[in-house]
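Down below is the structure, laid out as structure tokens.
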Number of protein chains: 2
Amino acid sequence: MALPRAARTQRRTRIQEEKEELILEAALDVFATHGFRGSTIDQIAEVAGMSKPNLLYYFRTKEAMHRALIDRVLDNWLDPLREFDAEGNPVAEIRSYIRRKLEMARDFPRESRLFANEILQGAPHIEDELKGPLKALVDEKAEVIRAWASAGKIARCDPYHLIFAIWSTTQHYADFDVQVRGVLGETQSGEGRFEDAARFLEQLFVNGLSVGTTASRG
Amino acid sequence: MALPRAARTQRRTRIQEEKEELILEAALDVFATHGFRGSTIDQIAEVAGMSKPNLLYYFRTKEAMHRALIDRVLDNWLDPLREFDAEGNPVAEIRSYIRRKLEMARDFPRESRLFANEILQGAPHIEDELKGPLKALVDEKAEVIRAWASAGKIARCDPYHLIFAIWSTTQHYADFDVQVRGVLGETQSGEGRFEDAARFLEQLFVNGLSVGTTASRG
DNA sequence: TGATAATTTGACCGGTTGGTAAAACATTAC
DNA sequence: GTAATGTTTTACCAACCGGTCAAATTATCA
């Protein structure tokens, strides 16, 4: 007899691993472009090259597919922030954080758009993660930044809004890629735009946070 | 006989204006939250408080509604950039541009999300606008910024990526509002967060672009 | 090999989708 | 008032949606 995936407790088959991988890959494509509600199982099945019932044999519902995708991606997505090191040189840490985030935007744009779609539409499936693990991690790193500012190593600033600014500027190149390309035109929208962006953002944040230039009242 | 809206050439009735307004208001709500494909006509009709066929009497298709909405909103959305004045004081211009964009994110978050959804999903309905009028306007303002940099009034930087950075950081507070609130928690996510954001962003961009602090190579 | 379990498929289901037809109803112009 | 026009509703349609079912097919292993 055939047992759907969620009911199995035994270890997974070779075929299971391959097919689940294949499905999640296709689902990432579709969910990232159309959001949860805008995506259809048929479409995912077609991209994955299998029939709809076959796909539903591995993931019993559309939500289960989305859930599995979110769980798998969320972890990797926060890695750059986790690497943020309180013991390191502040300017170097911020600079390399920007670079890592920008690399992720370049190398994993679908993952970025998956989250962007989800959050844009009110984060109905990941609200708990936002208020739980994500908030905890940001709180921790915000404290590091605050300590650097207090020690006079960087300018005084609101650490939360600094993190938001780094997120938004870097993810912009994945989420709004079509706009970036449209505005830059054919000539400037090659892969070189990521180097240009990196150079600009490092300049902006390093200078923007350097001590002595700030008029902050804080 | 009843003629659908697109076939009429005469001037519009009072009822037409009122109802079309009502419909676009409802459509903005729905499209901004779910994207084009994730939205349904029934849902828009319910929000607008009218029957689906009645709604379709004013806009013959779902696409027509979306089109009308985009056209109306796109113009207003670019106003802050148009106000960007080549004759003004560079730092003051950039500062007030940031402020205006942030005010729009605060006061018109649905409009911001409408565009974000559209672009995120590949801009299938507004690609021409991106490569045409939008690009033209950005090109013009980029030239202004370049001139300021050449005159030594602000640091040398890539003007396009500067504009992208201002767009992304400000619109972030509309598009990713639920994440911002989730991370900031109950205490900090009141309306005061916009003032905090404004203060931080002005500091970041003003210091980041001030002359003399840059290590830019050219 | 054959038995057993895992996988795949085609047919199908009730509900929803975008959209239509036509007639009932309301408003305006004369 | 009444005729013409503009508006709204009821009933409806074909296609699509997420998901089920049972049977057919394939892989695994004694």
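Lettering follows sequence order; numbering is per chain, from 1. These values consider heavy atoms only, across backbone and side chains, with no hydrogens, waters or symmetry-generated copies.
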* Asked: Does the ring center of A/Trp148 lie less than 6.0 Å from the ring center of A/Phe84?
  -> yes
* **Nearest-angstrom distance from the residue atom CG of B/Leu22 to C1' of D/dT8** => 14 Å
* Quick one: list whatever passes salt bridge (charged side-chain N to carboxylate O under 4.0 Å, His left out) with B/Glu111, sequence neighbours left out. => none
* By salt bridge (charged side-chain N to carboxylate O under 4.0 Å, His left out) - contacts of B/Arg72 (at least two apart) -> B/Glu21
* C/dA6 phosphate, OP1 or OP2, under 4.0 Å from A/Gln16 side-chain N/O -> no
* Asked: Under a 4.0 Å N-O cut-off, is there an ion pair linking B/Asp158 with A/Arg199?
  -> no
* Structure fact -> From CD of A/Glu20 across to C1' of C/dT7 the rounded distance in Å is 13 Å
* Structure fact -> From NZ of B/Lys62 across to P of C/dG18 the rounded distance in Å is 5 Å
* With sequence neighbours excluded, tell me which residues meet salt bridge (charged side-chain N to carboxylate O under 4.0 Å, His left out) with A/Arg82. => A/Asp75, A/Asp79
* Asked: In whole angstroms, how far is the C1' atom of C/dA6 from the CD atom of A/Glu17?
  -> 15 Å
* Would you kindly give the CG-to-P distance between A/Leu56 and D/dC21, to the nearest whole Å? => 12 Å
* Asked: Nearest-Å distance, NE2 (B/His66) to P (C/dG18)?
  -> 13 Å
* In terms of side-chain heavy atoms, does A/Asp196 have a donor or acceptor partner in B/Tyr160 at a distance below 3.5 Å? -> no
* Structure fact -> So, with a heavy-atom separation below 4.0 Å from DNA chain C, the residues of residues 26-42 of chain A are none
* Asked: Rounded to whole angstrom units, what separation is found between the NZ atom of A/Lys19 and the C1' atom of C/dT7?
  -> 8 Å
* **Pairing residues for A/His66 by the ring-ring contact (aromatic ring centres under 6.0 Å, His included) criterion, not counting sequence neighbours** => A/Phe31, A/Phe36, A/His125
* To do: Could you go through the salt bridge (charged side-chain N to carboxylate O under 4.0 Å, His left out) check for A/Arg99 and A/Glu83 one step at a time?
  => CA-CA 12 Å; A/Arg99 188 161 282 271; A/Glu83 289 179 35; over 6 Å; no
* **Spacing of A/Glu46 atom CD relative to D/dC17 atom C1', expressed in whole Å** => 15 Å
* Taking A/Ser112 for the side chain and A/Phe108 for the main chain, is one N or O donor matched with an acceptor at less than 3.5 Å? -> no
Anything under 3.5 Å between a protein N or O and an N or O of nucleotides 9-12 of chain D, put it in a table, one pair a line.
residue: D/dT9; atom: OP2; partner: B/Ser51; partner atom: OG; Å: 3.3

